[in-house]
Amino acid sequence: NVGLDSAIGGTGWSGGFWGGQLTSAQTNTINMGGGLSATATTITLTSSTGFPSSGGIVKIGTELIIYSTVSSNDLTGCIRGSYGTTSASHNNGATVTDATTGWGMPSTTTTTTELRTWSHDNFGEDLLINPRDSAVYYWDRTGGLTVRAVNISTLTKVGGGASSNCPTVAKQVLVSDNDRHIIAFGTNTYGSADQDPLMIRWSTQADPANWEITSTTTAGSLRLGSGSVFVQAVETKREIIVFTDTSVFSMRFIGDPLIFGLQTLASNITIVGPSSAVATEDFVFWMGLDNFYLYTGQTQQLPCSVKDKVFNDFNLAQREKVVAGVNSEFSEIIWYYPSQTNSIANGGTGDNDKYVVYNYAEKVWYYGNLSRTAWVDRGIKAYPIGASSNYLYNHELGFDDDGSPITSYIESAPIDIGDGNKFSLIRKVIPDLTFDGSTNLSTPSATFSIKTRNFPGVSFHETISGTSTRTATSPVEQFT
């Protein structure tokens with residue numbers, strides 16, 4: 001159980017007060033007769049000489065106190081129990097130390113917890129599983145659903161013998177389908193327990209328990225040459241595309257003696273998260289921090305007509321939640337992503353709530369609102385499956401919303417009618433649509449609306465709507 005459901009910022013190591021101050025720090029004593037209570041907001045000193053006149057910090061015992069200004073010998077506007085310390089009562093004559101500067105000065109640092117993300121891949125009928133930055137596990141189908149996956153270090157080698165030199169930690173696990181090697185990315189260096197975020201290791205062919213590098217095995221390792229951390233690997237028919245935070249590599253099986261080779265495809269490329277790239281055929285699509293990209297043998301930016309719509313409302317703090325998927329029936333690449341509108345800071349959940357789609361057959365973009373945290377294209381199952389809120393949903397099944405009509409719309413961008421010196425008169429709209437498959441309504445309908453305006457950028461002057469209703473299926477339906 002590694003990580004959290006959401007990325008959460010906080011105070012990291014040495015970000016709070018941990019003791020110590022300059023040996024030359026100004027000190028004085030409390031001069032308040034009955035002492036200082038735990039709630040008092042003014043501290044009277046024997047002398048305030050040498051203390052900052054405003055915006056200072058003092059330490060009394062283990063309590064840190066921020067004060068606003070100095071008035072005579074009084075520290076006024078005190079904020080008690082600052083920087084995670086506890087407000088307490090202090091005796092008259094207790095030492096007051098200037099902690100505004102010096103060794104041990106409290107500071108604010110920003111850290112982000114890692115999300116609980118997983119990678120997995122089929123090994124025949126069995127399954128290899130890797131919680132990101134944790135161990136690699138193996139699930140044997142013959143044991144059934146009641147038997148848990150086990151650490152690969154507990155497996156027996158093919159031919160007998162205990163496992164050897166298995167990865168103890170990895171960021172992703174993948175099975176190379178063409179040659180049956182199990183590959184661990186962002187794993188520990190061979191012979192060491194220390195994780196290297198750029199290290200790639202693979203097992204002996206068809207043996208998830210044998211990672212020993214010898215002259216009689218095909219196990220080995222490579223290190224990515226650029227970037228600071230491995231992000232994601234995606235397999236195509238010919239190669240494995242490997243992403244770091246700044247570069248893209250091609251990893252290919254080349255046989256003995258090296259087994260695998262690496263080639264740099266592009267540098268200065270970003271990728272938004274560990275599930276934001278997806279392959280279809282030999283094409284790889286992915287979402288970057290402010291662009292979309294495509295690999296077809298060469299890397300290129302993907303022109304996007306809705307880029308501003310997506311990235312101007314994108315929650316970068318939760319970017320690792322982005323999920324890319326393929327809807328092959330309709331030639332669509334889908335990215336589900338968390339919007340800033342739905343961020344925790346804005347009172348939302350911080351989860352994926354929007355999507356953007358690229359239709360690579362028609363080369364058009366569209367977007368909408370839908371919560372999905374995982375996606376599997378049709379293949380083993382007849383329909384694509386999406387996940388959200390502990391449910392699995394069949395997609396592209398029927399034409400209704402679980403028996404109810406789907407309320408949806410399509411809206412075009414403004415349509416130019418020339419160079420700006422012409423007006424258009426519309427008398428009639430003839431719909432070209434079909435209601436085929438709408439079985440739950442005897443008279444399904446669609447509403448068409450036309451919005452008009454005289455100048456670009458101004459409000460629409462008039463909106464006119466009309467409804468097209470199916471009253472017969474012949475002869476009209478057969479021609480639409």
Side-chain angles (χ1 to χ4, degrees), residues 1-2 117-224 230 232-242 249-263 279 379-380:
N1 191 16
V2 179
T117 56
W118 299 68
S119 62
H120 49 79
D121 204 352
N122 292 94
F123 186 72
E125 293 184 334
D126 301 335
L127 192 65
L128 285 155
I129 309 168
N130 171 228
R132 195 169 182 86
D133 290 321
S134 188
V136 179
Y137 297 87
Y138 187 92
W139 179 75
D140 190 338
R141 180 182 177 276
T142 60
L145 297 177
T146 59
V147 178
R148 296 176 65 90
V150 299
N151 194 305
I152 59 171
S153 64
T154 66
L155 299 177
T156 301
K157 294 179 184 178
V158 174
S163 63
S164 56
N165 280 295
C166 294
T168 58
V169 62
K171 291 183 177 294
Q172 182 180 338
V173 65
L174 183 148
V175 177
S176 179
D177 292 333
N178 293 331
D179 46 271
R180 299 276 290 167
H181 285 89
I182 295 91
I183 306 174
F185 298 88
T187 185
N188 56 296
T189 305
Y190 184 79
S192 170
D194 296 332
Q195 184 180 17
D196 183 338
L198 295 174
M199 178 60 63
I200 303 173
R201 292 177 56 196
W202 57 88
S203 72
T204 293
Q205 195 168 27
D207 191 349
N210 189 355
W211 298 71
E212 191 81 23
I213 301 177
T214 69
S215 60
T216 60
T217 68
T218 58
S221 65
L222 287 169
R223 193 175 190 275
L224 297 167
F230 163 82
Q232 186 180 2
V234 177
E235 187 174 19
T236 71
K237 291 180 178 180
R238 298 178 298 175
E239 58 196 325
I240 298 170
I241 303 302
V242 183
F249 298 84
S250 170
M251 181 176 177
R252 296 196 183 206
F253 177 74
I254 57 177
D256 290 332
L258 299 177
I259 311 302
F260 284 98
L262 276 176
Q263 177 185 358
I380 297 176

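Bear in mind that the values here come from a model prediction, so they are computed numbers and not experimental data.
- Asp140 is linked by a side chain to side chain donor-acceptor pair (under 3.5 Å) to Thr142, counting only residues two or more places apart in sequence or in another chain.
- Applying the ring pair (Phe, Tyr, Trp, His ring centres under 6.0 Å) rule to Phe249 yields no partners; only residues at least two apart in sequence or on another chain are considered.
- Of all heavy-atom pairs spanning Tyr190 and Arg201, the tightest one is CD1-NH2, 3.6 Å.
- Note on residues 175-195: no pairs pass salt bridge (Lys or Arg N to Asp or Glu O under 4.0 Å), not counting sequence neighbours.
- The side chain to side chain donor-acceptor pair (under 3.5 Å) search around Thr146 returns none, not counting sequence neighbours.
- Contacts of Asp196 classified as salt bridge (charged side-chain N to carboxylate O under 4.0 Å, His left out), with partners at least two apart in sequence or in another chain: Arg223.
- Across every non-hydrogen atom of Ala135 and Asn151, the tightest pair is CB-ND2, 3.4 Å.
- Rounding to the nearest 0.5 Å gives a distance of 7.0 Å between CG of Asp207 and CD1 of Ile182.
- Between atom OG1 of residue Thr168 and atom CG of residue Asn188 there is a gap of 3.5 Å, rounded to the nearest 0.5 Å.
- A 4.5 Å side-chain heavy-atom check between Pro208 and Ser203 finds every atom pair outside the cut-off.
- Annotation: side chain to side chain contact (heavy atoms under 4.5 Å, CB included) contacts of Ala149 (sequence neighbours excluded): Ile129, Tyr137, Trp139.
- In this structure Ser215 satisfies the side chain to side chain donor-acceptor pair (under 3.5 Å) test with no other residue, sequence neighbours excluded.
- Not counting sequence neighbours, Ser119 has no partner by the side chain to side chain donor-acceptor pair (under 3.5 Å) test.
- Separating the CD1 atom in Ile240 from the CZ atom in Phe185 is a distance of 5.0 Å, to the nearest 0.5 Å.
- Checking side-chain atoms of Ser163 against main-chain N and O of Ser153 turns up a donor-acceptor pair under 3.5 Å.
- Pairs passing the salt bridge (Lys or Arg N to Asp or Glu O under 4.0 Å) check and including a residue from residues 249-262, sequence neighbours excluded, read Glu239-Arg252.
- Shortest non-hydrogen contact noted between Gln232 and Gln172 is CA-OE1, 3.5 Å.
- With sequence neighbours excluded, the residues satisfying side chain to side chain contact (heavy atoms under 4.5 Å, CB included) with Val150 are Thr154, Leu155.
- Put simply, CD1 on Ile200 and OG on Ser221 are 9.5 Å apart, with the number rounded to the nearest 0.5 Å.
- Applying the side chain to side chain contact (heavy atoms under 4.5 Å, CB included) criterion to Thr217, with sequence neighbours excluded, gives Thr204, Asn210, Thr214, Ala219.
- Here Ile183 contributes atom CD1 and Thr187 contributes atom OG1; the two are 12.0 Å apart, rounded to the nearest 0.5 Å.
- Checked by atom type and distance alone, the side chain of Arg132 pairs as donor or acceptor with a backbone atom of Lys171 at under 3.5 Å.
- Scanning all heavy atoms of the two residues, the minimum distance from Ala170 to Val136 falls at CB-CG2, 4.2 Å.
- To the nearest 0.5 Å, the span separating NE2 on His120 from CG on Leu128 amounts to 11.0 Å.
- Annotation: side chain of Asn122 is not in contact with side chain of Val175 (no heavy-atom distance under 4.5 Å).
- Listed by chain and number, the residues in a ring pair (Phe, Tyr, Trp, His ring centres under 6.0 Å) with Phe260 are His181, Trp202, Phe253 (sequence neighbours excluded).
- No more than 12 heavy-atom neighbours from other residues, nucleotides or ligands sit within 6.0 angstrom of CD1 on Ile380.
- The closest side-chain heavy-atom distance from Phe230 to Pro197 is not below 4.5 Å.
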